[in-house]
Amino acid sequence: MVSSPILAGKRILVTGAARGLGRDFAQAIAEAGASVVMADILTELVQHEALALSSQGLKVSAVTIDLTQKESIQTAVKIAVKQLSGLDGLINCAALATGVGGVTLMEYDESLWDRVMTVNVKGTWLVTQACVPHLKKSGAGKIVNIASDTAMWGAERLMAYVASKGALISMTRSMARELGTDNICVNTISPGLTLVEATEYVPQARHDLYVNGRAIQRQQLPQDVNGTAIYLLSDLSSFVTGQNIPVNGGFVFN
């Protein structure tokens, strides 16, 4: 007897899906049997990537979303739910990461701080808020927030990003408490420094710090995080909620 793919029949929205971790999540969960809507502010790129995946026979489509605009978020979720005929899971991966570090807390620009918090924290909350009514209808909804292990070890010269990712970890716990009665599980994945477009600006010394400090001493790839995301979106994790799971090769232990 051949078993069905682990996410067969699941309907998933992935934000920040045009590139990097979000792009890899979308492909991996589609390959695991889910129908996926890829959402990103980079309209042309996310449409291109969705078309590339759908040409492989995967159930993937795209929608534009701007996490700084509540109306854009509500419209994107409405379109995604219509395309999917419902919603079973959400991956909050969209975040502002490129160019948000490299200076001390004394040098940090206030406008950049506000922008990071608007996208990474407020935007995640608003996307979740828009999705919750549909996840309730699913009867077994799953929310996966993508944070960072920088919030666990306190990376220097990255203040706003670290603070925003720490906020996601705390928000996850509150969301889990509130949504548990609706059988919605909410968890966080905290990846380590991963080789994606957003980390190309990171100094080599920081990459070396991670590799040398890991129990598994190599660079981290997007594919290293996919299995945890699939697990948290699947029925296998139906009694797991409010947790922060570091996926970083053992650089930080939880």
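Just so it is clear, the model here is predicted, and its values are computed rather than measured.
Separation of atoms OG (Ser148) and CD1 (Ile189) is listed at 12.5 Å; rounding is to 0.5 Å. Note that CG of Leu168 is 11.5 Å distant from CZ of Arg173, once rounded to the nearest 0.5 Å. Atom CD1 of Ile143 is separated from atom OG1 of Thr128 by 5.0 Å, given to the nearest 0.5 angstrom. Going from atom CD of Gln27 over to atom CG of Leu58 covers 7.0 Å, rounded to the nearest 0.5 Å. How far CD of Gln47 is from OG of Ser61: 10.5 Å, rounded to the nearest 0.5 Å. The distance from atom CZ of Phe253 to atom CG of Asp149, rounded to the nearest 0.5 Å, is 11.5 Å.
No donor-acceptor pair under 3.5 Å is formed between the side chain of Thr118 and the backbone N or O of Val116. In this structure a side-chain-to-backbone donor-acceptor pair under 3.5 Å is present from Gln220 to Val247. Side-chain N or O atoms of Arg23 include none that pairs as donor or acceptor with a backbone N or O of Glu49 at under 3.5 Å. The closest donor-acceptor contact from the side chain of Asn187 to the backbone of Gly242 lies under 3.5 Å. Not one N or O on the side chain of Asp66 forms a donor-acceptor pair closer than 3.5 Å with the backbone of Ser72. At least one donor-acceptor pair under 3.5 Å links the side chain of Thr241 to the backbone N or O of Val186. Using a distance-only test at 3.5 Å, with no hydrogens or angles considered, a donor-acceptor pair links the side chain of Thr15 to the main chain of Ala94. Using modelled atom types, one side-chain atom of Ser237 and one backbone atom of Tyr231 make a donor-acceptor pair closer than 3.5 Å. Between the side chain of Ser234 and the main chain of Leu236, a donor-acceptor pair closer than 3.5 Å is present. Formation of a donor-acceptor pair under 3.5 Å by the Asn248 side chain with backbone atoms of Gly250 is found in this model.
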Chi angles and distances behind the side-chain contact (heavy atoms from CB on, under 4.5 Å) call for Trp125, Leu67: CA-CA 10 Å; Trp125 159 54; Leu67 265 67; over 6 Å; no
side-chain contact (heavy atoms from CB on, under 4.5 Å) between Val211 and Gln219, worked out: CA-CA 6 Å; Val211 172; Gln219 295 280 15; 3.9 Å; yes
Test log, rule side-chain contact (heavy atoms from CB on, under 4.5 Å), inputs Thr194 and Asp224: CA-CA 9 Å; Thr194 307; Asp224 294 321; over 6 Å; no
Verdict with supporting geometry, Met175 and Glu178, side-chain contact (heavy atoms from CB on, under 4.5 Å): CA-CA 5 Å; Met175 290 177 181; Glu178 288 196 31; 5.9 Å; no
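When side chains are defined from C-beta on, Asp24 does not count as touching Val225, because their heavy atoms never get closer than 4.5 Å. Looking at Lys10 and Asp235, their side chains come closer than 4.5 Å, going by heavy atoms from C-beta outward. No side-chain heavy atom of Cys185 sits less than 4.5 Å from a side-chain heavy atom of Val240. Thr150 places a side-chain heavy atom less than 4.5 Å from the side chain of Leu158. At a threshold of 4.5 Å between non-hydrogen side-chain atoms, the residues Ile245 and Asn254 do not count as touching.
Residue Leu233 comes nearest to Gly89 through the heavy atom pair CD2-CA, 4.2 Å, listed as atom of the first residue, atom of the second, then distance. Shown here for Ala147 and Ile169, the closest heavy-atom pair between the two residues is CB-CG1, 3.9 Å. Minimum heavy-atom separation, Ile73 to Ala130: CG2-CB, 4.3 Å. Closest approach of Leu21 to Pro191, counting heavy atoms only: CD1-CG, 4.0 Å. Taking each heavy atom of Val162 and Ala155 in turn, the nearest pair found is CG2-O, 3.7 Å. Minimum interatomic distance between Ala62 and Val37 (heavy atoms only, all atoms of both residues): C-CG1, 4.4 Å.
Linking ILVMFWY side-chain heavy atoms closer than 4.5 Å, directly or via other members, places Leu96 and Ile65 in a single hydrophobic cluster. Hydrophobic clustering keeps Tyr161 apart from Ile146 (ILVMFWY residues linked when any side-chain heavy atoms are closer than 4.5 Å, directly or through intermediates). If you chain together hydrophobic residues whose side chains sit under 4.5 Å apart, Val36 and Leu51 never meet in one group. Tracing side-chain contacts under 4.5 Å through hydrophobic residues (I, L, V, M, F, W, Y), one reaches Met171 starting from Leu135; they form part of the same cluster. The hydrophobic cluster containing Phe25 does not contain Val77, counting ILVMFWY residues as joined when their side-chain heavy atoms lie under 4.5 angstrom apart, directly or transitively.
Side-chain contact, Asn145 with Thr188: no donor N or O sits under 3.5 Å from an acceptor N or O. Side-chain contact check for Asn244 and Ser190: at least one donor-acceptor pair (N or O, by modelled atom type) lies under 3.5 Å.
Under a cut-off of 6.0 angstrom, the local environment of CD in Gln56 is crowded, with over 12 non-hydrogen atoms contributed by other residues, nucleotides or ligands. Atom CG of Leu209 is surrounded by more than 12 heavy atoms from other residues, nucleotides or ligands within 6.0 Å. Open room surrounds CD on Glu71; 12 or fewer heavy atoms of other groups in view lie less than 6.0 Å from it. Residue-environment remark: CE (Met159) stays at or below the threshold of 12 foreign heavy atoms within 6.0 Å. The number of heavy atoms from other shown groups lying within 6.0 Å of CZ (Arg19) does not exceed 12. Residue Arg206 places its CZ atom among more than 12 non-hydrogen atoms of other residues, nucleotides or ligands, all under 6.0 Å distant.
Sequence neighbours left out, the pairs with a member in residues 33-44 that pass side-chain hydrogen bond (donor to acceptor under 3.5 Å, both in side chains) are Thr43-Thr64. Applying the side-chain hydrogen bond (donor to acceptor under 3.5 Å, both in side chains) rule to pairs touching residues 99-108 yields Thr104-Glu107, sequence neighbours excluded.
Looking at Val46, Ile91, Leu90 one by one, the single match for side-chain contact (heavy atoms from CB on, under 4.5 Å) with Val14 turns out to be Ile91.
Remark: Arg115 does not engage Asp109 in a salt bridge, criterion side-chain N to carboxylate O under 4.0 Å. Using a 4.0 Å cut-off between charged side-chain N and carboxylate O, Asp88 and Arg11 make a salt bridge. With respect to the salt-bridge test (charged N to carboxylate O, under 4.0 angstrom), the residues Lys59 and Glu31 do not qualify.
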